[in-house]
Amino acid sequence: MARQKPAYTRVLLKLSGEALLGKQSYGIDFERAQAIAQEIKEVHDLGIQVAIMIGGGNIFRGIRGIASGLDRAAADQMGLLATVINGIALQEALEKVGLFCRHVSAIEIKALAEPFIRRRIIRHLEKDRIVVFSAGIGSPYFTTDTAAALRALEIRAQVIMKATKVDGVFSADPMLDKTAKKFPTIHYIDVIKKGLKVMDSTAISLCKDNSLPILVFNLNRRGNIKKAVLGEKVGTLVY
Ligand code: UDP
């Protein structure tokens with residue numbers, strides 16, 4: 001049987017920190033990280049260049065610090081460091097399944113990760129290395145979704161693959177409303193107008209202004225990342 005041709009050659013996968021939770025309510029489940037790494041390997045084996053933006057919500061989100069009275073900038077810096085911890089874990093998991101990986105942090109932390117140098121990142125991808133981005137864009141008041149959009153544009157990824165816990169973008173929260181309908185495709189403007197929770201509005205606007213598609217899909221269904229890059233009907237395409 002002829003091998004299916006991938007729909008993309010370079011993708012940016014956005015993994016929230018929660019993706020690493022597995023069955024835990026806090027922190028990193030290394031078995032889960034390894035399982036995700038294995039799926040990424042299957043995609044990489046198709047010849048697709050993969051960069052990943054990792055979030056930090058499994059450890060710390062700025063909003064939690066603000067609720068406890070911390071200054072927003074300080075709380076966000078703590079959130080940024082949480083993403084770096086996840087970046088280290090993910091790099092380990094990817095290397096354990098036999099991939100070469102570079103961890104790139106947007107805040108300078110030389111002993112742990114490389115700095116962001118756009119041309120160097122592109123070279124890593126061309127040399128078949130997986131690039132894990134951590135520390136978002138390195139500044140408070142942003143999210144790793146916005147950082148994912150920015151880096152995807154900078155490295156000329158053809159799509160952001162936004163991994164979630166549900167099957168795509170729905171008319172309402174499918175966990176709460178059983179009548180919620182899934183959209184196979186949806187325009188950026190409708191996401192904004194309807195206030196659908198896909199990514200934060202800064203991230204959506206950046207994608208919209210630069211015509212960068214976002215594929216929202218369920219990471220908890222095994223094989224979904226591969227199906228999505230092969231152009232099979234998975235999730236919702238925001239374009
Ligand atoms: N953060 C930040 N600037 C960025 C990206 C992230 O200050 O460019 C902080 C912010 O506090 C955020 C935390 O890092 O709450 C973790 O990122 P995010 O909430 O996006 O992680 P996810 O929800 O994807 O796990």
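Numbering of ligands and ligand atoms starts at 1, following listing order.
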Candidate pair Lys197 and Asp173, rule salt bridge (Lys or Arg N to Asp or Glu O under 4.0 Å), full reasoning: CA-CA 9 Å; Lys197 287 195 180 67; Asp173 184 344; over 6 Å; no
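For the pair Leu80 and ligand 1, a heavy-atom separation below 4.0 Å is found. Residue Arg64 places no heavy atom under 4.0 Å from ligand 1. The shell of residues lying under 4.0 angstrom from ligand 1, judged by heavy atoms, includes Pro140.
Here the side chains of Arg120 and Arg102 are not in contact, with every heavy-atom distance at 4.5 Å or above. Using a 4.5 Å cut-off on side-chain heavy atoms (C-beta onward), Ile204 and Ile214 make contact. Between Phe133 and Thr83, the closest side-chain pair of non-hydrogen atoms is not below 4.5 Å. By the 4.5 Å heavy-atom criterion applied to side chains, Lys165 and Ser16 are not counted as neighbours. Counting heavy atoms from C-beta outward, Leu21 and Arg32 have side chains that stay 4.5 Å or more apart.
Judged purely by atom type and a 3.5 angstrom limit, Thr236 uses its side chain to pair as donor or acceptor with the backbone of Phe183.
By the criterion of a heavy-atom distance under 4.0 Å, neither the backbone nor the side chain of Gln77 is placed next to ligand 1. With a 4.0 Å heavy-atom cut-off, ligand 1 is reached by the backbone of Ser139 but not by any atom from C-beta on.
Shown in contact with Gly55 at under 4.0 Å from a heavy atom are these atoms of ligand 1, numbered in order with element: 21 (O), 22 (P), 24 (O), 25 (O). Numbered from 1 in the order shown, with element, the atoms of ligand 1 that lie under 4.0 Å from a heavy atom of Ile137 read 4 (C), 8 (O). Annotation for ligand 1: atoms under 4.0 Å from non-hydrogen atoms of Gly57 are 21 (O), 22 (P), 25 (O). Close approach of ligand 1 to Arg61 is summarised as follows: ligand atoms under 4.0 Å from at least one heavy atom of the residue are 15 (O), 19 (O), 22 (P), 23 (O), 25 (O). Contact atoms of ligand 1 toward Gly136: 4 (C), 5 (C), 8 (O) (distance under 4.0 Å to a heavy atom of the residue). In summary, the atoms of ligand 1 found under 4.0 Å from a heavy atom of Lys14, numbered by their order in the structure, are 24 (O).
Checking each of Met53, Lys14, Arg118 against Arg151 for a side-chain contact (heavy atoms from CB on, under 4.5 Å) leaves exactly one that passes, namely Met53.
The number of heavy atoms from other shown groups lying within 6.0 Å of CD (Glu108) does not exceed 12. Within a 6.0 Å sphere centred on CD of Glu31, other residues, nucleotides and ligands contribute 12 heavy atoms or fewer.
In terms of N/O distances under 3.5 Å, ligand 1 is not approached by Ala135.
Here the heavy atom of the protein found nearest to atom 6 (C) of ligand 1 is Phe142 O, 3.5 Å. Shortest contact from atom 5 (C) of ligand 1 to any protein heavy atom: Thr143 C, 3.4 Å. Considering only non-hydrogen protein atoms, atom 21 (O) of ligand 1 sits nearest to Gly56 N, 3.1 Å. Atom 18 (P) of ligand 1 has as its closest protein heavy atom Thr144 OG1, 3.4 Å. Summary of contacts: the protein heavy atom closest to atom 12 (C) of ligand 1 is Gly62 N, 4.0 Å. Protein heavy atom closest to atom 9 (C) of ligand 1, with residue, atom name and distance, is Asp76 O, 3.6 Å. For atom 14 (O) of ligand 1, the closest heavy atom belonging to the protein is Gly79 C, 3.2 Å.
The pair Asp29-Lys23 does not meet the salt-bridge criterion, since no charged nitrogen lies less than 4.0 angstrom from a carboxylate oxygen.
With hydrogens and angles left out, the side-chain atoms of Asn86 and Ser134 include no donor and acceptor closer than 3.5 Å.
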